[in-house]
Engineer: 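Pasting a structure below so you can have a look.
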Amino acid sequence: MEKKPRHPKKQEAVKAQKSAEKTAENPSMGKRAPSRRPMWTGSVTIGLINVPVKLYPMIYDRGVSFHFLHKTDNHPLRYQKICTKDNAVVPWSEVAKGYEVSKGQYVVFGQEELDAVKPESDKRIRISKFVDYFSVDPVYFSSTYALMPDKSGDAYSLLLQVLEKMGKAAAGRITLRTKEYPALVHAYKGALVLTTLRYGYDVVDPSGFEELGELTAPEKAELELAKKIITDLSGEFDINEYKDTYREKVEALIQKKLKGETITVEKPPKEEIKGLMAALQETLKQLEKK
Amino acid sequence: MKKLTKVSFSNLDKVLFPQLCVTKARFIEYYIKMAPQMLPFLKDRPLVLTRYPEGVDKQGFYAKNAPNGMPDWVQTAKLYSQTARRNVNYIICNDVDTLIWLANLAAIEIHIPLSRVDEREKPDFAFFDLDPEPPATFGDAVEIAFLLKEKLDQLGLRSYVKTSGKKGLHILVPVVRQYTFKETRAFVHALGIQLMKQNSKVVSEFADTKKPDRVFVDYTQNSHGRTMVCPYSLRVTADATVSTPIEWSALRKKLKPSDFTIHSVLELPKAPWKDIFENRQKLEAK
């Protein structure tokens, strides 16, 4: 059971203050500092060769997260498990897992039974072949982790260099917690990184959608026009051009609330307006010359 | 930042040309960029607009009368409209702000009369509208346009060509303001008849406008109250085509109206019609 804070409102405010400091020193869209504690240690195994490595998280989903509070007194809310038979609150010790075989029919497991068949993490990333990294479609990519040498600098460096030079990725599998994943190891910004993959059967083959059967072949002229538009709008992809503007706005609102400012809903100057003003400035210059 | 325009924008992310994903912001940007080229043609002419605030695939409407609640800095002229048989409060666009304001109203097409507001009965352009009726093509219109240019050259008249932005071509002869519409119309009609005699593809009588596989040399637009789509105005088409002035030397039979769009026109050389306003000519119809 959680302890009930005596002044939950105050405590919330303090917490909020702390996180605000965090954002202040670590501007919201800046790069994330590497994590210091590995989430997994083991080795990359290629035949008889072992390269001991540590695995660190690399992907963070930094959306805005809110806690649910009770509107009338600002206390945080928590969830409880309620039995559908008698509406009684059920403690964890009385929870079992059921696999639904048909509506309302379950095969019941205790935690020990499931633990017994859990795949064993054998602390190995077992490499079976080398492939072109770009030959694997991104639809299979699940999550990416940084691999760091674990007192294995020379071997790590060799593997990194050779993958980088040949543009190859090592394909194999890894067990993380209770799940085994297909995985790729490739060189990214001077480091080895591991990307877990989805299983082929977990990804829908879109060619099965019947809507595609109704497509007609485009006219040559349309195709030419489309090509022209694409050529006109072609450029280098830069991930930094994309920002979560909702998150930025919410963070700005949080800062204002902390300073006790009242928030008025105002229309922020949009990106589009900036573009229009730049064009207008140019036009006004041209007209002045005339 | 200093305020550059009096216009306050609305619904900038509204998609006006859904096939090309052109938003209202992009559309307004186009008119801002073309303003130096368009303003000389718009100056002192009462405008007719086609507005599509919900996008070109939705219902749009013609607008002659200035809308209610417009800003007080927009210039208007109360004039009698023969077609509407009443006084109409026309918009006059003599500055960038008004053009931007029109764009913000989603005025996709801007049409101009061939005469200016101070002397409405004296056109300053003679206007040939070459309209190919399928299966005649844009290429056929180009062929006839060159024939027409030859005739005008023989008369010592400089002519200027633009795409209509739809199927055909527009050819303009800037004239001194001393003729009536009746006179310019007769001149254009006379040349149309000459072309018809010379080339069986050409029709020049109003009754024949819809004859298939012909190019209609339309003289009827040379009239009080009729309008022409302004050079560089967008058209209400899925491809966001533009009525585009081109050099005669750049006109080719293999060109297509869809070569000139909101995307491509901004990249074109800016002044194919550079001297059109310094070239007011006398018509010497023979």
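Naming convention: chains lettered A, B, ... in sequence-line order (proteins, then strands); numbering from 1 in each chain.
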Engineer: Got a second to check how far A/Ile229's CD1 is from B/Leu20's CG, nearest 0.5 Å?
Structural biologist: 4.5 Å
Engineer: Should we say atom NZ of B/Lys166 is surrounded by more than 12 heavy atoms from elsewhere, each under 6.0 Å from it?
Structural biologist: yes
Engineer: Atom CD1 of B/Ile100 and atom CG of A/Leu276: how far apart are they, to the nearest 0.5 Å?
Structural biologist: 8.0 Å
Engineer: Minimum heavy-atom separation for B/His263 to A/Asp232, with atom names?
Structural biologist: CB-OD2, 3.7 Å
Engineer: Measuring from A/Glu222:CD to B/Gln19:CD, what's the distance to the nearest 0.5 Å?
Structural biologist: 7.0 Å
Engineer: If we only count heavy atoms from C-beta on, is the B/Leu39 to A/Leu287 side-chain gap below 4.5 Å?
Structural biologist: yes
Engineer: Should the heavy atoms of other residues, nucleotides or ligands under 6.0 Å from CZ of B/Arg116 be counted, would the total exceed 12?
Structural biologist: yes
Engineer: Do you know the tightest heavy-atom contact between A/Thr283 and B/Pro36?
Structural biologist: CG2-CD, 3.7 Å
Engineer: Please say whether more than 12 non-hydrogen atoms of neighbouring residues, nucleotides or ligands are located less than 6.0 Å from CZ in A/Phe237.
Structural biologist: yes
Engineer: Report, as yes or no, whether the 6.0 Å neighbourhood of atom OH on A/Tyr188 holds more than 12 heavy atoms from other residues, nucleotides or ligands.
Structural biologist: no
Engineer: With side chains defined as the heavy atoms from C-beta onward, is the minimum distance between B/Thr5 and A/Met277 less than 4.5 Å?
Structural biologist: yes
Engineer: Please say whether more than 12 non-hydrogen atoms of neighbouring residues, nucleotides or ligands are located less than 6.0 Å from CE in B/Met70.
Structural biologist: yes
Engineer: Check A/Leu225 against B/Asp239 and note the closest heavy-atom contact, atom names and distance.
Structural biologist: CD2-OD1, 3.5 Å
Engineer: If you draw a 6.0 Å radius around CD in A/Glu219, do more than 12 non-hydrogen atoms from other residues or ligands fall strictly inside?
Structural biologist: no
Engineer: Would you mind checking which part of A/Leu280 comes under 4.5 Å of any heavy atom in chain B, side chain (CB onward), backbone (N, CA, C, O), both or neither?
Structural biologist: both
